[in-house]
Amino acid sequence: MAENREFFWRKLHSLLGVIPVGLFLVQHLVINHFATGGAESFNKAAGFMEHLPFRIFLEVFVIYLPLLFHAIYGLYIAFSAKNNVSQYGYFRNWMFMIQRISGVITLVFVAWHVWETRIAAAFGAEVDFNMMADILSSPFMVAFYAIGILSTVFHFANGLWSFFVSWGITVTPRSQVISTYVTIGIFVALSIVGMRALAAFI
Amino acid sequence: MSENKTVRFIITRQGSADATPYEETFDLPYRPNMNVISALMEIRRNPVNAKGETTSPIAWDMNCLEEVCGACSMVINGRPRQSCTALIDKLEQPIRLEPMRTFPVVRDLQVDRKRMFDSLKKVKAWIPIDGTYDLGPGPRMPEKKRQWAYELSKCMTCGVCLEACPNVNSKSDFIGPQPLSQVRLFNAHPTGEMNKAERLEAIMGDGGLSNCGNSQNCVQSCPKGIPLTTSIAALNRATTIQAFKSFFGSDQI
């Protein structure tokens with residue numbers, strides 16, 4: 001990598017985590033939530049997304065490329081930290097460590113999830129309510145999905161907190177505390193959306 | 001009674017920079033108002049360990065003895081702090097002393113803090129006032145600004161924030177919170193502000209500001225109570241603006 005490019009890569013990593021990857025996550029969770037209205041409601045919503053024009057371009061530029069960069073550069077960031085919560089058990093230091101752990105869990109979960117759904121679709125599988133109901137017929141997969149969704153939502157919510165600091169939006173300690181409460185609220189709200197959708201497939 | 005009271009120290013020692021560290025225990029007679037430095041001086045006067053063996057005196061750094069120079073920082077009971085203000089009465093025993101391993105260990109508790117002084121040079125933590133003629137007095141500084149900038153000037157380059165930071169380690173080249181906050185200090189100065197962009201560009205280099213992972217251990221650990229994370233966030237804003245300025249090209253300063 002060229003000299004003095006790190007600032008750019010780090011800023012890009014922070015930006016892409018929220019726009020577009022974070023926004024896509026919220027949209028994905030909301031679409032999934034249609035499952036609580038029954039199979040037909042979910043299939044209709046998923047079908048609408050599936051038949052968006054220029055879908056492959058939307059996927060590549062809004063999801064695949066930003067997500068891949070965020071994941072690969074994120075792994076580098078996660079493994080260059082030397083965690084020390086046993087010595088410094090402060091709230092933010094715990095969040096720092098959990099952010100890195102949840103990032104790795106999320107990467108494993110998302111990789112499996114993409115394999116099972118989008119890549120399966122590329123090989124001709126039909127992505128609909130039945131596909132998910134089928135996957136989630138095993139209790140192990142329910143647990144795997146529950147952990148995966150919670151980890152992803154945490155990583156997004158806490159990442160949003162860091163995003164506000166990294167871009168110099170929340171500078172004062174007070175604004176950072178309020179931002180902590182707001183992002184906890186986002187975590188709880190999106191977790192409820194995700195868990196309700198998950199429960200609807202079981 | 002009190003003449004029988006002793007204080008136990010477990011000290012991590014090493015003979016030279018690349019020697020293997022080992023622990024040595026010392027029992028010292030208690031004296032009122034003892035601190036870690038006076039205990040180390042006592043060991044230096046009579047270097048006998050808990051087993052009764054004569055050993056070499058312990059090497060450590062010290063200078064001002066009033067928590068303004070930063071030289072005597074070490075890890076005391078798991079926390080980096082200055083040994084001059086570490087009162088024995090307020091410490092749990094046995095008292096464990098270790099060097100701050102984020103820095104290269106020279107010998108025993110003595111570390112080489114050079115990297116922090118190199119960082120200060122790298123970020124141009126000074127105000128250029130030299131000229132070929134008398135430049136006259138600089139612009140005045142608003143009193144309110146002087147008050148918060150004064151807090152930043154309390155930094156004594158002790159290294160505690162680097163020791164506490166999970167992102168300052170052998171796997172990363174992050175310069176740590178200490179030089180970053182100094183950039184905010186010198187950029188706040190009305191004359192220093194004239195070279196603001198140079199300092200911002202310096203911390204936008206590799207190992208710079210963006211390596212901060214917001215664990216915020218630094219602000220919790222700073223013995224001078226410097227608002228390090230506020231400085232970092234303020235610099236995040238300043239560098240974001242600087243990046244836009246240099247890329248899209250408005251007036252260059």
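What you are looking at is a predicted structure, and each value in this text was computed from that prediction instead of being measured. Below, chains carry the letters A, B, ... as their sequence lines are ordered, and counting in each starts from 1. Below, each value reflects all heavy atoms present in this structure, side chains not excepted, and no hydrogens, waters or symmetry copies.
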Counting N and O atoms only, with roles assigned by atom type, does the side chain of D61(B) sit under 3.5 Å from a partner on the main chain of C72(B), one being a donor and the other an acceptor?
no
Residue from N167(B), N217(B), T230(B) scoring the most non-hydrogen pairs under 4.5 Å with chain A is N217(B)
Identified side chain to side chain contact (heavy atoms under 4.5 Å, CB included) counterpart of Q27(A) within the set L29(A), I31(A), L23(A), L25(A):
I31(A)
Which of residues 76-106 of chain B have a heavy atom under 4.5 Å from any heavy atom of chain A?
G78(B), R79(B), P80(B)
Can a side-chain donor-acceptor contact be found between N84(A) and Q87(A) if the only test is distance below 3.5 angstrom?
no
Run the ring-centre check on F201(A) versus Y145(A) and record whether the distance is less than 6.0 Å.
no
Proximal component of S170(B), with respect to chain A [non-hydrogen, under 4.5 Å]
neither
Option that, when pairs with chain B are counted at under 4.5 Å, heavy atom only, ranks first among Q176(A), M95(A), K11(A), R10(A):
R10(A)
If you count heavy-atom pairs under 4.5 Å with chain A, which of V168(B), T240(B), I203(B) comes out on top?
T240(B)
Would you check if the side chain of R199(B) reaches a backbone N or O of G192(B) as a donor-acceptor pair within less than 3.5 Å?
yes
Chain A heavy atoms under 4.5 Å from A243(B): which part of the residue, side chain, backbone, both or neither?
side chain
Any chance you could lay out the ring pair (Phe, Tyr, Trp, His ring centres under 6.0 Å) test for F156(A) and F187(A), step after step, and finish with the verdict?
CA-CA 8 Å; F156(A) 169 62; F187(A) 170 68; over 10 Å; no
Got a donor-acceptor contact below 3.5 angstrom from the T25(B) side chain to the I10(B) backbone?
no
Can you see whether Q182(B) engages Q178(B) through a side-chain donor-acceptor pair at a distance of less than 3.5 angstrom?
no
If contact means a heavy atom pair closer than 4.5 Å, which residues of residues 209-216 of chain B contact chain A?
S210(B), N211(B), G213(B), N214(B), S215(B), Q216(B)
Residue pair E201(B), S246(B): steps toward the side chain to side chain contact (heavy atoms under 4.5 Å, CB included) verdict:
CA-CA 10 Å; E201(B) 304 268 348; S246(B) 34; 3.9 Å; yes
Cation over ring, R100(A) on F96(A), under 6.0 Å and within 45°?
yes
What option among P166(B), C165(B), A238(B), S231(B) has the most heavy-atom pairs under 4.5 Å with chain A?
P166(B)
Could you measure the distance from the OG atom of S119(B) to the CZ atom of F117(B)? Nearest 0.5 Å is fine.
10.0 Å
Relative to chain A, which of A234(B), S172(B), P227(B), G208(B) shows the most heavy atom pairs under 4.5 Å?
A234(B)
Measure F8(A) against the heavy atoms of chain B and call it side chain, backbone, both or neither at under 4.5 Å.
neither
Would you say the side-chain atoms of N32(A) pair up with the backbone N or O of A197(A), donor to acceptor, closer than 3.5 Å?
no
Segment of T170(A) engaging chain B (4.5 angstrom heavy-atom cut-off)
backbone
Which heavy atom of P128(B) sits nearest to which heavy atom of T191(B), and what is that distance?
O-CG2, 4.4 Å
Is it the side chain or the backbone of I169(A) that comes within 4.5 Å of chain B heavy atoms, both, or neither?
backbone
Tell me the closest heavy-atom pair linking P179(B) and V123(B), and the distance in Å.
O-CG2, 3.9 Å
Tell me, for W161(A) versus chain B, whether the close heavy atoms (under 4.5 Å) come from the side chain, the backbone, both or neither.
side chain
S175(A) to T172(A) - nearest heavy-atom pair and separation
OG-O, 2.8 Å
